[in-house]
Each structure stands twice: as structure tokens, then as C-alpha cells.
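One structure is given below, encoded as C-alpha cells.
Note that the coordinates shown come from a computational prediction; the quantities given were computed from them, not determined experimentally.
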Amino acid sequence: MSVTSEYVVSGMHCQHCVSSVAEEVSAVSGVTDVKVDLNSGQLMVISDSEIPFDSIEAAVDEAGYGVATA
């Protein structure tokens, strides 16, 4: 069973931003798919099991952006 979690990323301005966030979040253990929408800032994370918010927050921070739960 997969788990889908949604977040809102702040500070993205271009496709490079989207790629950076997607790359960092995809590297989180258990994440199977990531979708990022530049216009809305929506980040959708699909994973094998529930991923702690701290892990997603750290990955987005590593990419240089902020994140909040949707």
C-alpha cells in the first residue's frame, strides 16, 4: 500500500527549483515518486509508508526552499 502526502513549498521560481526539490525529496528513504507543481508550490510525495515531516523538511531545506504541510 502506498501513502500520498501533500506539502506546500515556498520560494520556487523556475523549473530548476522544481528539479532541485524533486531530486532531494526523491532521495529520502521510502519515497517512490515525487510530483512538484511550480505554480501552486504543491509537493506530492508517494511513499511505501508514512514519512516523518522532518525528513521531507530536511530534504526541501537541502534544496534551498521552505516547506509546510498542505
State, with a plain yes or no, whether a side-chain heavy atom of [X] is found less than 4.5 Å away from one of [Y].
X: E57; Y: P52; value: no
X: V60; Y: V25; value: yes
X: L38; Y: Q15; value: yes

Next item on the list: Please round to the nearest 0.5 Å and tell me the distance separating atom CD1 of I51 and atom OG1 of T32.
Entry: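 Taking CD1 in I51 and OG1 in T32, the distance rounds to 8.5 Å.
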
Checklist line | Pairwise distance CG(L43) to CG(D37) - rounded to 0.5 angstrom | finding: 10.5 Å

Next item on the list: State which residues pass salt bridge (Lys or Arg N to Asp or Glu O under 4.0 Å) with D48; sequence neighbours excluded, sorted by chain then number.
Entry: none

Give the minimum heavy-atom separation between [X] and [Y], together with the two atoms involved.
X: E24; Y: A63; value: CG-CB, 3.8 Å
X: I46; Y: S2; value: CG2-CB, 4.0 Å
X: Y7; Y: V67; value: CB-CG2, 3.6 Å
X: S47; Y: S49; value: OG-O, 2.7 Å

Next item on the list: Spell out, yes or no, whether M44 and Y65 are grouped together once hydrophobic residues are joined by side-chain heavy atoms under 4.5 Å, including indirect joins.
Entry: no

Checklist line | Single-linkage hydrophobic cluster, 4.5 Å side-chain cutoff, F53 and V21 together | finding: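 As far as the 4.5 Å side-chain criterion goes, V21 and F53 are connected within one cluster.
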
Next item on the list: Test side-chain contact (heavy atoms from CB on, under 4.5 Å) on V45 and T4 and set out the steps.
Entry: CA-CA 6 Å; V45 178; T4 301; over 6 Å; no

Item checked: Salt bridge D33-K35, side-chain N to carboxylate O under 4.0 Å ->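 Yes.
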
Notebook entry, point to check: For H16, does its backbone N or O pair with a side-chain atom of S20 as donor and acceptor, under 3.5 Å?
Noted result: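 At least one qualifying donor-acceptor pair exists.
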
